Amino acid sequence: MRVAGKGLVDCSKPLRFLFDGTSYQGFEGDTLASALLANDVKMVARSFKYHRPRGIVGAGSEEAGALVTVGSGAHQDPNVRATVQEIYEGLSAQSQNRWPSLGFDILSVNDLAAPFLGAGFYYKTFMWPKAFWEKLYEPVIRRSAGIGALSGLSNADRYEKAFAFCDLLVIGSGPSGLMAALTAARAGADVILCEEDSVFGGRLNGESLEIAETSGQDWGTAAIAELSSMDNVRLMSRTSVTGAYDQGTYGALERVSHHMTQAQGKPLETFWRIVAKRAILAAGAIERPVAFRNNDRPGIMTAAAVRTYLHRYGVAPGKAVTVFANNDDAHRTAKDLVAAGVHVAGVIDTRTDAPDGQGYPVYKGAEVCDSAGRRALESVSFRYADGRVDKLQTDCLAMSGGWNPTVHLTCHMNGRPKWDGSIQSFVPTEGMVAGLEAVGACNGAFSTHAALLQGNAAALTALGDLGLKTIAQDVPDAEDAPYRLKPLWAVKGKGRAWLDFQNDVTVKDVKMAAQENFRSVEHMKRYTTQGMAPDQGKNSNVAALAVLADATGRGIPETGTTTFRPPFVPVSIASLGAGAQGKGFAPERFTTSHTASVERGAPMIEAGLWYRPSYFPATGEKTWRESCDREVGYVRNAVGVCDVSTLGKIDIQGPDAGAFLDFVYTNMFSTLKVGRTRYGLMLREDGTVMDDGTTARLGESHYVMTTTTAAAGPVMRHLEYVKQCLRPDLDVNLVSVTEQWAQFAVAGPKSRDLLNGLLDTKIDNENWPFMACGTVSALGVEGRLFRISFSGEHAYEVAVPARYGDSLFRTLTSRAEAMGGGAYGMEALNVLRIEKGFITHSEIHGRTNAFDIGMERMVSQKKDCIGKTMSERPGLTDPEREQLVGVKPIGPVKQLTAGSFLFKSEDSAVRENAQGYMTSVGFSPEFGTFIGLGFLSNGRARHGEQMLMVDHLRDVVARVEICDPVFFDPEGGRVRG
Amino acid sequence: MRITCPLCGERDRREFYYVGDAVALNRPDPDAGDVVWDDYVHNRDNPAGVTRDLWYHESGCASWIVVTRNTITHEVLETALASDVKEATS
Amino acid sequence: MRFSGLKVLTEGLRGNKGWQAHWRDAQPKAEYDMIIIGGGGHGLSTAYYLAKNHGMTNIAVVEKGYLGGGNVGRNTTIVRANYFLPGNSEFYSHSLKLWEGLEEDLNYNVMHSQRGLINLFHSDGQRDAFARRGNAMINQGDDAILLDREGVRKKLPYLDFDNGRFPIYGGLYHPRGGTARHDAVAWGYARGASDRGVDLIQNCEVTGIDIEGGVVQGVQTSRGPIRAKKVGIVVAGRSGQVAAMAGRRLPIESHVLQAFVTEGLKPVIDHVISFGMGHFYISQSDKGGLVFGGDLDFYASYASRGNLPMKEHVMEAGMTLMPMIGKAKVLRSWGGIMDMTPDGSPIIDKMDGIDGLYIDCGWNYGGFKAVPASGWSMAHLMATDTPHEVAKGFRLDRFRTGVGIIDEEGTGSQHNLH
């Protein structure tokens with residue numbers, strides 16, 4: 001219910017929202033949790049395993065109970081914490097993990113079967129009969145497990161990523177964070193202040209405290225006003241810092257428009273990468289529940305959450321509130337409620353020396369031992385030290401077992417927190433994250449004044465580290481009460497007492513884990529699933545640890561903690577993966593002929609990041625094969641044009657360029673004549689083929705290397721590596737010019753005729769023989785011409801500056817068409833090269849060496865080169881290795897397939913008998929049949945052998961003959977023609 | 001993770017390509033024998049602690065960099081141009 | 001104590017008071033026949049099969065932390081036999097067969113779930129490579145089906161077939177592939193080994209290996225020296241450090257591989273799916289969490305944690321492949337330390353030149369599925385001094401000689417060119 005005159009919500013702005021189809025009213029500034037409590041909605045969820053009723057437990061991002069689904073259709077967002085979700089007009093939320101309804105849930109029978117569903121029960125059963133696991137047990141388990149549901153529809157919301165840089169990142173805007181930000185900002189540091197909540201101030205908004213003789217809220221508001229007026233400060237609300245990473249990098253999730261009816265062009269969330277020279281963690285602390293029988297009913301909350309609902313939202317979570325505490329702090333809940341006119345049924349304090357009540361009874365030296373109420377709390381039972389049990393009618397229990405500092409970020413880089421017996425909590429160990437200092441409650445300093453002092457001091461330290469002038473600050477006076485607490489983790493007694501509300505882990509489960517020798521804290525966690533739910537144990541891990549310590553007879557510090565790992569709060573995959581949906585995953589690279597190719601109807605296929613035309617369909621053609629066959633014919637009979645710009649082009653210059661190439665290639669390039677091109681083979685240092693391609697010598701100290709499309713980046717990197725790491729003595733410079741030049745293959749008997757139509761100076765076989773290269777002028781544009789061939793035909797590659805690429809491609813193709821040829825695509829290129837036995841990365845797939853592809857003679861014996869020594873290892877020169885061969889069908893089955901295996905005709909097709917495999921196949925119009933390349937054990941000695949090609953997957957078995965990989969024009973006469 | 005390129009200054013790890021132990025700088029003679037070559041190409045100290053490894057500022061200035069780094073903490077202790085390191089040792 | 005549904009019922013009725021320790025915590029004795037260094041999945045399965053297959057029970061597993069605390073406790077739980085190179089094929093095939101009988105054998109439900117694995121491909125070239133893989137799997141006697149685009153759509157209708165950066169051409173479907181409950185595998189082997197008399201010694205760090213005249217004598221530990229005739233190093237992730245105690249360098253670099261889990265969600269992904277263009281693989285655990293991972297962070301590390309660039313890259317791959325997972329929320333990410341070998345394949349071998357010292361290491365990012373066969377083969381090697389038939393390719397000297405390099409990825413049998 002609402003409490004008049006309290007809260008920061010704007011009562012002049014009512015908002016309607018739906019929960020499970022029922023319409024309610026809240027106000028601007030409400031979270032879904034506060035608005036539901038204001039409407040006396042207590043039960044909002046069902047638990048994971050036993051499907052027990054669950055209510056709102058806390059008021060922060062660590063919420064243990066109230067997980068709901070927001071929205072519908074593609075916007076459906078499961079497992080949203082109602083304590084974080086702000087309401088907006090039209091918000092629609094649903095409860096989860098119940099069927100058919102929240103009130104009546106069939107699987108709540110699980111609760112009755114609880115004796116059989118204890119920790120790890122599933123490791124001991126469901127094993128018989130074997131086949132039932134996938135068919136029966138697992139589907140049933142899967143259906144009952146899980147909390148919320150994804151819609152199954154593709155994401156339809158916008159998410160973004162961003163970078164930010166600062167001198168000082170302050171995480172949390174409670175008193176310590178605000179003080180730190182003020183001190184640093186006033187000294188001129190670039191400050192980013194991140195606050196999870198929609199408003200700044202942290203606990204100041206949930207308490208009635210004084211700072212500098214004004215209310216804590218007012219002091220916080222003034223501090224924020226000052227910070228927001230400064231240019232060197234960036235205030236980021238609704239932003240959770242999710243992780244601490246190396247060298248001062250932090251991840252942060254900003255919930256940009258989750259609170260808006262219409263996103264108005266804003267993303268739903270932005271994931272920030274913040275690079276900070278220094279950071280101050282002012283994340284506060286999380287109040288811990290106490291485990292007692294049936295402590296999980298809706299209406300049982302943390303004591304501080306009750307205060308937050310009162311002060312921040314003007315909501316009393318119950319009509320008759322009971323407080324259960326082991327510390328002084330929780331008494332504030334009773335005091336504040338009474339002051340606001342809310343009835344307090346009593347304070348039950350485990351301590352005999354608890355403070356007296358101020359308008360409410362205090363039951364000292366007593367423990368709450370049970371609760372009642374089916375869907376919401378109706379009463380609690382409590383027991384005195386002498387065993388007497390009493391009962392209070394109450395609809396809200398505000399419990400406090402003390403506070404756990406929010407140390408998580410300090411542990412993200414493997415640091416372990418240390419146990420502080422004086423506050424019965426883990427506190428950060430200093431220096432666990434370089435450059436980050438924890439202050440205030442997250443550092444175990446629980447009074448407001450201590451928080452302010454630490455915030456100021458840490459900021460001064462950071463300023464000193466940054467070399468910035470510090471300005472002495474007055475730290476205002478504030479509440480400075482001592483933290484008095486008597487440890488209590490679990491109330492002894494029968495029945496189930498919950499530790500992890502989300503995963504349904506009880507004290508019994510932890511004890512049973514210990515009984516079964518899961519005594520290490522990691523074993524206990526993994527066996528019971530304690531701390532693995534959405535809150536990652538923020539509410540329960542320390543208590544579970546204490547119970548384990550007790551059960552194993554060890555102290556808490558010896559028992560140790562599990563590791564806190566990022567993210568601090570749940571982070572959507574869409575935010576971390578923002579920008580990648582659809583085409584955004586990787587850049588798209590387009591050649592200069594892309595538009596012209598698309599205009600010609602060519603299907604563009606991915607070649608690495610590039611797009612290349614598959615084929616150019618002509619009118620009347622029904623299959624790609626028809627187009628491919630026609631295009632192959634262009635090259636074999638007339639002239640074809642193909643964009644080869646995607647091949648890597650590396651410009652290599654300097655007096656030692658030749659020596660450099662001799663070292664990276666297996667063969668010699670220093671002896672190559674100016675104006676000539678040579679095919680080169682490049683090895684990795686392990687002796688395996690890395691890449692191949694042609695390199696042209698354009699001048700005495702100037703070469704241009706081409707690489708395969710796929711290896712362009714790796715080869716460039718490799719060349720720089722050789723130059724800088726191995727041979728800095730060589731005077732040579734490298735630059736990638738792949739994108740500077742548009743390059744086209746012009747191939748076929750009429751290729752020279754086509755080119756001579758464009759060239760300002762005609763060429764002939766004498767002045768431009770096979771493997772010649774040089775500068776030319778084509779239609780007035782200076783370019784380069786290489787007489788090289790990947791088809792076995794008389795062919796050239798002509799290169800012009802990229803800005804002329806589109807025009808040259810159109811000119812070449814239209815003129816080729818007039819000569820009975822035209823453009824050809826990747827399919828035809830592939831057939832042409834297979835006919836000639838030319839290799840691609842299908843053959844040099846990273847496991848083949850020069851010997852395997854029949855090029856061992858290209859490894860010059862006159863010099864050293866990368867990979868040479870290792871290529872001479874015995875295993876790389878074994879004649880039984882699989883060697884490149886040609887394969888042609890000789891039986892009734894003419895189909896060959898890549899990825900099939902080769903067997904002796906009499907052998908069965910099993911692994912032990914496999915002799916080799918097929919890497920590339922194509923239909924050769926020239927031979928009227930499929931032909932292929934493959935690798936065969938000792939293959940060069942087996943030309944003429946008849947074998948079986950077996951493709952189990954596609955059910956193809958073909959009789960084949962092994963042959964030389966060069967099917968077409970083995971003498972090579974055409975290329976010189 | 002951030003690495004200080006000797007030429008460009010501190011940059012995000014995304015700009016760099018990693019290859020491994022800086023032992024790669026010490027390429028043996030071709031006739032050093034299979035044990036030496038095996039050690040060079042394959043075997044590694046692989047320390048849990050301070051190591052020197054090679055990074056390439058691929059999305060930056062294309063420098064190869066010897067980074068002295070702690071493999072347990074990811075602390076970067078020193079960076080130097082590989083070509084300088086190589087020339088100083090040969 | 002034998003586990004069964006009936007036992008769960010009867011114990012439940014008796015207040016679950018009768019459950020006993022799943023394994024004994026042993027104190028180190030002065031001497032054993034054999035010592036296994038490392039109480040992870042591979043070490044525990046080695047001990048189990050030494051006891052079960054070879055009748056060796058005077059053995060100890062010494063573990064510096066808690067059992068199953070290494071990579072068996074931090075992985076994406078995928079079990080498959082879809083390798084294609086000789087050396088790997090027969091090994092992983094054997095491993096999958098062991099998985100298929102593991103629950104019966106161990107009397108422990110490791111939740112091995114053969115829900116099927118689909119490797120997607122995105123180009124003709126990838127299809128050819130996967131066809132070779134699938135045919136190799138069938139040659140080996142395992143199962144593989146080549147799905148075309150429509151075949152994939154039928155099974156995985158939620159993939160982005162229309163807008164993704166790399167179009168889905170099809171997938172290689174491995175019906176017997178799947179997942180298992182990773183921790184339970186370690187615990188099941190621990191229980192099985194312990195029941196057969198093996199001493200499992202936790203919180204006992206090996207600090208030295210005693211070798212005299214080229215013969216192993218035992219180990220030094222944080223809890224004193226322990227003598228043994230044979231010592232097996234089974235500490236993937238820390239192999240280099242332990243091998244150094246024997247004066248050996250290994251062809252291994254340690255790298256961090258991250259993995260991620262979301263909150264529990266109702267069933268939405270029924271298979272294990274692997275994206276061919278972005279190093280992304282995903283499945284949904286029985287608890288409902290999406291479990292997924294990607295590629296190495298790519299720098300040598302023992303930190304067991306990674307950085308943002310690879311986290312983001314993995315999520316980006318997920319978003320381009322299956323944008324319906326966008327609203328799932330990552331709860332936790334972690335990093336395992338991977339023994340990366342030059343060729344990406346493991347080592348199970350004698351340590352050359354030291355009698356009685358054996359090593360099982362180099363599992364790269366694929367050790368989980370190998371747990372049964374690795375233990376089986378390592379136990380065979382240690383018991384008989386001959387390599388097991390299915391693991392004889394995993395020689396330590398293959399890099400020096402170049403004989404039998406097993407490079408599935410084709411990215412090189414050297415560290416410096418990933």
Side-chain angles (χ1 to χ4, degrees), chain A residues 161 163 165 244-250 273-277 412-415 431-435 650 663 684-688 713-714 716-730 732-736 859 861-876, chain B residues 1-4 6-7 10-14 16-34 36-38 40-42 53-67 69-76 80-90:
Chain A
K161 284 197 235 182
F163 275 102
F165 299 83
Y245 303 98
D246 290 312
Q247 280 83 33
T249 306
Y250 295 84
R273 285 76 56 102
I274 301 174
V275 178
K277 291 179 186 146
H412 280 181
M413 290 162 78
N414 292 343
M432 293 196 297
V433 172
I650 300 172
F663 190 52
R684 304 188 304 225
E685 192 68 279
D686 69 356
T688 305
M716 184 67 202
R717 186 191 303 147
H718 174 68
L719 297 188
E720 287 286 6
Y721 163 76
V722 172
K723 171 177 130 58
Q724 296 178 42
C725 297
L726 301 180
R727 300 301 304 272
D729 56 307
L730 295 179
V732 61
N733 280 292
L734 314 164
V735 65
S736 167
V859 185
Q861 293 307 304
K862 293 185 209 139
K863 64 177 181 76
D864 185 22
C865 72
I866 296 285
K868 184 179 173 193
T869 304
M870 295 305 265
S871 75
E872 291 162 355
R873 284 179 288 171
L876 272 67
Chain B
M1 184 181 281
R2 295 173 70 76
I3 291 165
T4 303
L7 300 182
E10 190 190 283
R11 296 300 175 98
D12 193 90
R13 184 261 179 276
R14 288 171 181 80
F16 297 87
Y17 181 89
Y18 172 86
V19 289
D21 198 317
V23 70
L25 296 175
N26 312 323
R27 190 170 183 271
D29 287 337
D31 52 3
D34 64 345
V36 172
W37 272 92
D38 187 32
Y40 173 67
V41 179
H42 303 127
D53 46 25
L54 280 170
W55 298 69
Y56 177 47
H57 198 187
E58 188 157 37
S59 307
C61 63
S63 290
W64 280 90
I65 300 163
V66 177
V67 178
R69 212 170 46 89
N70 188 312
T71 57
I72 297 173
T73 62
H74 294 170
E75 186 185 2
V76 174
L81 289 177
S83 53
D84 290 350
V85 174
K86 176 72 178 173
E87 292 206 309
T89 55
S90 52

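Keep in mind the model is a prediction, meaning the values are calculated, not measured. So you know, we letter chains A, B, ... as the sequences are listed, proteins then strands, and number each from 1.
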Q: Identify the heavy atoms of A:M716 and B:Y56 that sit nearest to each other, and give their distance.
A: O-OH, 4.3 Å

Q: Write down the atom of B:R27, the atom of A:E685, and the distance for their closest heavy-atom approach.
A: NE-OE2, 2.5 Å

Q) Looking at side-chain heavy atoms only, is the closest gap between A:M870 and B:H42 below 4.5 Å? A) yes

(Q) I need the residue from B:E75, B:R14, B:E10 with the largest number of non-hydrogen atom pairs under 4.5 Å to chain A. (A) B:R14

(Q) Which heavy atom of B:L25 sits nearest to which heavy atom of A:L726, and what is that distance? (A) O-CD2, 4.1 Å

(Q) If I take atom CG from residue B:L81 and atom CD from residue A:Q724, how far apart are they, to the nearest 0.5 angstrom? (A) 7.5 Å

Q | Interatomic distance, B:D34 atom CG to A:E872 atom CD [nearest 0.5 angstrom] | A | 12.0 Å

Q: Go through the steps to decide whether B:R2 and A:T249 satisfy the test side chain to side chain contact (heavy atoms under 4.5 Å, CB included), and finish with yes or no.
A: CA-CA 8 Å; B:R2 295 173 70 76; A:T249 306; 3.8 Å; yes

(Q) Given A:C725, which partner from the list B:L54, B:I65, B:V66, B:V85 fulfils the side-chain contact (heavy atoms from CB on, under 4.5 Å) test? (A) B:L54

Q) Given that the side chain runs from C-beta out, which part of A:I866 has a heavy atom under 4.5 Å from chain B: side chain, backbone, both or neither? A) both

**Q.** Heavy-atom pair of closest approach, residues A:D246 and B:T73
**A.** OD1-O, 3.6 Å

Q: Please name the pair of heavy atoms, one in A:Y721 and one in B:W64, separated by the smallest distance, quoted to 0.1 Å.
A: N-NE1, 3.0 Å

